[in-house]
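These notes are about the structure you will find just below.
No hydrogens, no waters, no symmetry mates; every other heavy atom, side chains included, goes into these values. As the structure is a prediction and not an experimental result, all values here were calculated from the model.
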There are 2 protein chains.
Amino acid sequence: MRQISHKIGATQHLPSKVASFITREIAAGRYQPGEQLPTEHQLAETLGVSRNVIREAVSQLRADGVIHARQGVGAFVMEPERRSAIRFDRETLKTNDSLKRLFELRGILETEAAGLAAARRSAEDLKTIKQALDRMSGEERWQDGSIEADLIFHREIARATANDYIYTFVCFICEEIRQSIQIARYTNPLPELVEVNVAEHVRVYEALEAGDVEAARQTMRAHIWNAGMRIDAAPGNTADISMTKQDERDEK
Amino acid sequence: MRQISHKIGATQHLPSKVASFITREIAAGRYQPGEQLPTEHQLAETLGVSRNVIREAVSQLRADGVIHARQGVGAFVMEPERRSAIRFDRETLKTNDSLKRLFELRGILETEAAGLAAARRSAEDLKTIKQALDRMSGEERWQDGSIEADLIFHREIARATANDYIYTFVCFICEEIRQSIQIARYTNPLPELVEVNVAEHVRVYEALEAGDVEAARQTMRAHIWNAGMRIDAAPGNTADISMTKQDERDEK
DNA sequence: ATATGTTTGGTTGTCCTACAACTATACAAA
DNA sequence: TTTGTATAGTTGTAGGACAACCAAACATAT
């Protein structure tokens, strides 16, 4: 009978769809901070789902500090500044404009991370970073394997700072970058650019090996900047993948 | 009849307690990446709650990318590097050690944010920042009002970068800082330190007003460093608040 | 013996009802 | 005016039922 179900993106489970729906409503100013949300019963009826689904969505929003539920009263929208979790909407991240700003943040973080890593990296850290670098150079094209190695390279540098908060933040940003690239994959398999990319990583590595803080910062800053430019130049980034395309296949 | 209920921290609702429980289990390596979690029925029975509660908790963990649930199969632990959200455990944040690292990250971010803000701030941005500064100077003691103004000062600088990602990150860190300070509040009401704190903010503001990028970076870097030292010196930060003390009262 | 359907048990996804815990408001009584 | 009480409404939790789905064992046909 499956009637309306798979109009579009029916693969994703309901609670997350409801959660992002409410999130968007709030972001759009449909519900102002301090304002009360509709009751769970109302939401359930309005959206045509059970209250259980609503509760799972609300539970997530509350965990993120987006809303604040009070038993016996209702749920209220909190000020966006007081969120207790960072989560990006990957739909809005698919535009060059957002990516540009994300790369600016990335540059700031990883530049300083590289500087700290140059000062603090252990011999083991250096070895792990080297492995990622080698794995990256091995690949000819810009494909899954080399992308993964690329991200590992950056993550391991962050780990070498011996600061778990920095590591967490860099991992998070890397993950967002990965998602964005996944979409526009195979756009620029130009061998020259791949080689340039590897060369930049080598320079960062050499600075880390030498323990040269300033060189590490500068080579990393230059690399992030260039990487941003390369993605910026790639076509096919403003694709309007209307809703919830992001289905995870295999995973084995 | 309320028997066992308020043994300890019974105010928090069950799903979030279950979620943080499972999170801790995973963090402790009790469940390795790729490993399968117990079924929802098993978890429900083991923890003595209904499956609904388990589902709300699992729903949150999945939204954070901590686990990956496959219908008809089970839920599996994901690699911590692939999290899709940043959320800090505030219990572990109550140690000086963690706070130190958090302030290192904060310093990196806000230093560069101040630099960007000096270059990009509009006249309105400047006005908002000035308001926060005035509100901060008005207070004599280091109490709620001035703490709030202090945070607003930092947030507004981040907003002036015109980069919403930077703004989001700074807001998040500010919120974590606030939570940490809330605990150790009223520890150092020394008027001298408060004055020093205000003076540092003034210096940052003047750099922003002048549009001096380098001065903005240096004054902000110095301020974050000093602020970290001041909190570091404050007593009562290693309190062992065993479980889920974090109840939100009033909120009116 | 290999390949191809088919069954079966188990797991997550969704729905439903019921009740407990709690709160704000209105109303009644002192 | 103040205080206590009832009431209706909201979120929190429990439990059962079934749908959707999957993996592995089993049966059948080639």
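Screening B/E175, B/E148, B/E176 for a salt bridge (charged side-chain N to carboxylate O under 4.0 Å, His left out) involving A/R82 leaves a single residue, B/E175.
Atom pair A/R62:CZ and D/dT11:C1' shows a separation of 8 Å (rounding to whole Å applied). A straight line from CD of A/E40 to C1' of D/dT13 spans 12 Å, rounded to a whole angstrom. Taking atom CZ of B/F76 as the reference point, atom C1' of C/dT12 lies 11 Å away to the nearest angstrom. Atom CG of A/L14 and atom P of D/dA20 are 13 Å apart (whole Å). The separation between B/H68 atom NE2 and C/dT11 atom C1' is 14 Å, rounded to whole Å. Across the protein-nucleic acid pair, A/H13 atom NE2 and C/dT12 atom C1' stand 11 Å apart, rounded to whole Å. Taking atom CZ of A/R70 as the reference point, atom P of C/dT25 lies 10 Å away to the nearest angstrom. Put simply, CD on A/Q71 is 7 Å from P on C/dT23, counting in whole angstrom units.
For residues 41-59 of chain B, proximity to DNA chain C is found at B/H41, B/R51, B/R55, defined as any non-hydrogen atom under 4.0 angstrom from a strand atom.
Taking A/K127 as the reference, nothing meets the salt bridge (charged side-chain N to carboxylate O under 4.0 Å, His left out) condition, with sequence neighbours excluded. With sequence neighbours excluded, the residues that form a ring pair (Phe, Tyr, Trp, His ring centres under 6.0 Å) with A/F172 are A/F88.
Counting all heavy atoms, side chain and backbone alike, B/A19 lies closest to B/L61 at O-CD2, 4.0 Å.
B/T161 contributes no side-chain N or O that, together with a main-chain N or O of B/I157, makes up a donor-acceptor pair within less than 3.5 Å.
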Step by step, would you call A/E81 with B/Y167 a side chain to side chain donor-acceptor pair (under 3.5 Å)? CA-CA 9 Å; A/E81 286 80 13; B/Y167 180 66; 2.8 Å; yes
